[in-house]
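Just so it is clear, the structure is predicted and the values come from calculations on it, not from any experiment.
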Amino acid sequence: MSVKAPSDAGVELPATTADVRLEHVTKRFGETVAVDDIVLDVLHGEFFSLLGPSGCGKTTTLSMIGGFEAPTSGTVYLGDRDVSRVAPYRRDVNTVFQSYALFPHLNVFENIAFGLRRRRLGKEEIGRRISDALVLVDLPGFEHRTPGQLSGGQQQRIALARALVNEPRVLLLDEPLGALDLKLRKQMQLELKRIQQEVGITFIYVTHDQEEAMVMSDRLAVMNGGHLEQLGSPEDVYERPSTEFVASFLGASNLIAVKGMDRRSGDLAHVALEGGDAVSVPADRLPDSDRPVKVGVRPEKLQLRPAAEPAPDGCNSITGRVVEASYLGVSHQYTIEGPGGATVTVYVQNLGAGPPPVLGQAVRLTWLPEHTFVVQAQ
């Protein structure tokens, strides 16, 4: 394939090389701080996502990498080059937008060729690159169609081909699947990941969709209020969230207030909950500070048992009563009123193994200590 990641001086870049580096980057719009002192490295060849709710600063961060916004302070690097004040067209990046931004009066071939013609490449080289790009996005033979003759998913693939055909160092994607229906969006998630792995170009992807970021990313950064809340692999961030915001935003979480902690030096520490129960957590997950914390466990990690049934040896256990039940097909979802009035959600796979609990029934929830995390309370 001619569509591939560029390298410096013809030498393949190692995976530990940072293609994008943000050093204490801040962006203000008047009195509003949209991005606040972000420090971030995006490594060569990785699929990296900026994840967060609307207004968290993720699109502004992407805009500063692409050159559409200049940082108020701090430095943006592409490789070792300071591009903080460099125009977008002079940066080795391309951007794919949610709106596709295709030229409606040009056919697919001319849409993809637009950037190549500006670089004054030869006719044969342009034709070869476009042919390769269309194969890459699984749309060979679409050269003579117009955007109006394409579905939304096909238009998004053409926009992607147009960006990749220029062989940028970094591809920026600003919620590119937001306009697609759910089924097509899920299909395109897998296609984007396949394409990124095939071409080896660094992708930086902006989304508010947690599942989308989890499916595609090698690493992700959760943003909130202009700050980076947590950075890591999807598994690390999901299994070991560091703040209450991350635990609540990235999937469903059960969080219970802590009354006191036993900081003993063994592998496990005992934590007293507000409702009077005590649970065990890995000792290395306890914070160093004395700030208020909560313990958490994901709904799918919990086992639901009758209250009279004892907990298995070594398991954490709390009791409560069923206050809500929902049938979801592949699973049942239960809401349990737990210790201290805390609300706990449980997912139980629909195996048909026994009668489901009924509203008002007393139950026991059990889980393994290693599935417990500790977060700073908001």
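A donor-acceptor pair under 3.5 Å is formed between the side chain of Gln196 and the backbone N or O of Ile201. A donor-acceptor contact shorter than 3.5 Å is absent between the side chain of Asp92 and the backbone of Pro168. In this structure, Thr60 contributes its side chain and Ala34 its backbone to no donor-acceptor pair below 3.5 Å. At least one donor-acceptor pair under 3.5 Å links the side chain of Arg85 to the backbone N or O of Pro71. Side-chain atoms of Gln210 come within 3.5 Å of backbone N or O of Phe249 as a donor-acceptor pair. Under a 3.5 Å cut-off, the side chain of Asn111 and the backbone N or O of Asn107 do form a donor-acceptor pair. Checking side-chain atoms of Lys27 against main-chain N and O of Ala70 turns up a donor-acceptor pair under 3.5 Å. The closest donor-acceptor contact from the side chain of Asp138 to the backbone of Leu134 lies at 3.5 Å or more, if one exists at all. One N or O on the side chain of Arg157 and one on the backbone of Val137 form a donor-acceptor pair closer than 3.5 Å. Remark: the backbone N or O of Gly127 is not paired with any side-chain donor or acceptor of Ser131 at under 3.5 angstrom.
Between the side chains of Gln230 and Ser242, at least one donor-acceptor pair of N or O atoms lies under 3.5 Å. Side-chain atoms of Thr372 and Asn316 include a donor-acceptor pair closer than 3.5 Å. One side chain, Glu229 or Thr243, offers a donor N or O that lies under 3.5 Å from an acceptor on the other. Between the side chains of Arg305 and Thr366, at least one donor-acceptor pair of N or O atoms lies under 3.5 Å. For the 3.5 Å distance criterion, the side chains of Ser331 and Gln349 fail to qualify, holding no donor opposite an acceptor.
Applying the side chain to side chain contact (heavy atoms under 4.5 Å, CB included) test between Pro176 and each of Leu173, Leu180, Leu172 identifies Leu173 as the sole match.
Hydrophobic clustering, with ILVMFWY side chains joined whenever heavy atoms are under 4.5 angstrom apart, groups Leu302 together with Ile318. Hydrophobic clustering (ILVMFWY, side-chain heavy atoms < 4.5 Å, transitive): Tyr77 and Val93 are in distinct clusters. Both Ile112 and Phe109 sit in one connected hydrophobic cluster of ILVMFWY residues. Membership requires side-chain heavy atoms under 4.5 Å apart, directly or through other members. In this structure, Met214 is not a member of the same hydrophobic cluster as Leu50, with clusters built from ILVMFWY side-chain heavy atoms closer than 4.5 Å. Note on Leu150 and Leu136: same hydrophobic cluster, where clusters join Ile, Leu, Val, Met, Phe, Trp and Tyr whose side-chain heavy atoms are under 4.5 Å apart, directly or indirectly.
Remark: Arg118 is not positioned above the aromatic ring of Tyr89, lacking an NZ or CZ atom under 6.0 angstrom from the ring centre and at most 45 degrees off the axis. A cation-pi arrangement is present between Arg298 and Tyr238 under the rule of less than 6.0 angstrom and at most 45 degrees off the ring axis.
Between Lys186 and Asp209 there is no salt bridge, since none of the side-chain N atoms of the basic residue sits less than 4.0 Å from a carboxylate O of the acidic one. With respect to Glu125 and Lys123, no salt bridge is recorded, no charged nitrogen being found less than 4.0 Å from a carboxylate O. A salt bridge is defined here as a Lys NZ or Arg NE, NH1 or NH2 lying under 4.0 Å from an Asp or Glu carboxylate O, and Glu274 with Lys259 fails to meet this definition. Ion pairing between a basic and an acidic side chain is recognised when a charged N comes within 4.0 Å of a carboxylate O; Glu370 and Arg240 show no such pairing.
One distance of note links CZ of Arg185 with CD of Glu211; it measures 8.5 Å at 0.5 Å rounding. For the atom pair CD of Glu46 and CD of Gln197, the computed distance is 12.5 Å after rounding to the nearest 0.5 Å. For the atom pair CD of Glu239 and OG of Ser233, the computed distance is 9.5 Å after rounding to the nearest 0.5 Å. To the nearest 0.5 Å, atoms OG1 (Thr17) and CG (Leu43) are separated by 8.5 Å. Residue Thr207 holds its OG1 atom at 6.5 Å from CE of Met216, rounded to the nearest 0.5 Å. Atom CD1 of Ile204 sits about 8.0 Å away from atom CG of Asp19, to the nearest 0.5 Å.
For the pair Leu171/Thr202, no side-chain contact is recorded, criterion being any heavy-atom separation below 4.5 Å from C-beta on. Looking at Met223 and Thr61, their side chains come closer than 4.5 Å, going by heavy atoms from C-beta outward. The shortest distance between side-chain heavy atoms of Val258 and Val293 falls below 4.5 Å. Taking the side chain as every heavy atom from C-beta outward, Leu273 and Val279 approach each other to under 4.5 Å. Contact check for Phe103 versus Arg162: side-chain heavy atoms found under the 4.5 Å cut-off. Looking only at side-chain heavy atoms (C-beta outward), Val222 and Leu231 stay at 4.5 Å or farther from each other. Looking at Ser84 and Thr75, their side chains come closer than 4.5 Å, going by heavy atoms from C-beta outward. Under the 4.5 Å side-chain criterion, counting only non-hydrogen atoms from C-beta, Val281 is in contact with Val295.
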Could you go through residues 352-365 and list every donor-acceptor pair under 3.5 Å that involves a side-chain atom there, pairing it with any protein atom two or more places apart or in another chain?
from, atom 1, to, atom 2, distance (Å)
Gln361, OE1, Val358, N, 3.1
Arg364, NE, Ala307, O, 3.4
Arg364, NE, Glu309, O, 2.8
Arg364, NH1, Ser317, OG, 2.8
Arg364, NH2, Ala307, O, 3.0

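The hydrophobic cluster of Leu368 has no other members, since no ILVMFWY side-chain heavy atom comes under 4.5 Å of it.
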### Task
List the steps, then state whether salt bridge (Lys or Arg N to Asp or Glu O under 4.0 Å) holds for Lys193 with Glu198.
CA-CA 9 Å; Lys193 184 60 177 177; Glu198 186 169 335; over 6 Å; no
### Message
Using side chain to side chain contact (heavy atoms under 4.5 Å, CB included), reason through Tyr205 and Leu192 one step at a time and then give a plain yes or no.
### Response
CA-CA 10 Å; Tyr205 192 96; Leu192 275 175; 3.7 Å; yes
### Task
Determine, stepwise, if the pair Arg128 / Glu124 fulfils salt bridge (Lys or Arg N to Asp or Glu O under 4.0 Å).
CA-CA 6 Å; Arg128 183 178 62 82; Glu124 289 187 5; over 6 Å; no
### Query
Going through the distances and angles, do Arg91 and Arg169 end up as a side chain to side chain contact (heavy atoms under 4.5 Å, CB included)?
CA-CA 9 Å; Arg91 302 188 187 198; Arg169 181 177 193 138; over 6 Å; no
### Task
Show the numbers, then the answer: is there a side chain to side chain contact (heavy atoms under 4.5 Å, CB included) between Glu337 and Thr343?
CA-CA 5 Å; Glu337 185 180 313; Thr343 298; over 6 Å; no
### side chain to side chain contact (heavy atoms under 4.5 Å, CB included) between Leu62 and Phe68, intermediate numbers included
CA-CA 9 Å; Leu62 197 77; Phe68 304 108; over 6 Å; no
### Message
Would Arg219 and Asp41 count as a salt bridge (Lys or Arg N to Asp or Glu O under 4.0 Å) here? Give the steps.
### Response
CA-CA 11 Å; Arg219 288 192 305 149; Asp41 282 2; over 6 Å; no
### Message
Test ring-ring contact (aromatic ring centres under 6.0 Å, His included) on Phe203 and Phe48; report intermediate values, then the result.
### Response
CA-CA 6 Å; Phe203 278 26; Phe48 187 92; over 10 Å; no
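Using bins of under 30°, 30° to 60° and over 60° for the plane-to-plane angle, the ring pair His332/Tyr334 lands in the parallel bin.
Here the closest non-hydrogen pair linking Ala213 and Pro234 is O-CG, 4.4 Å.
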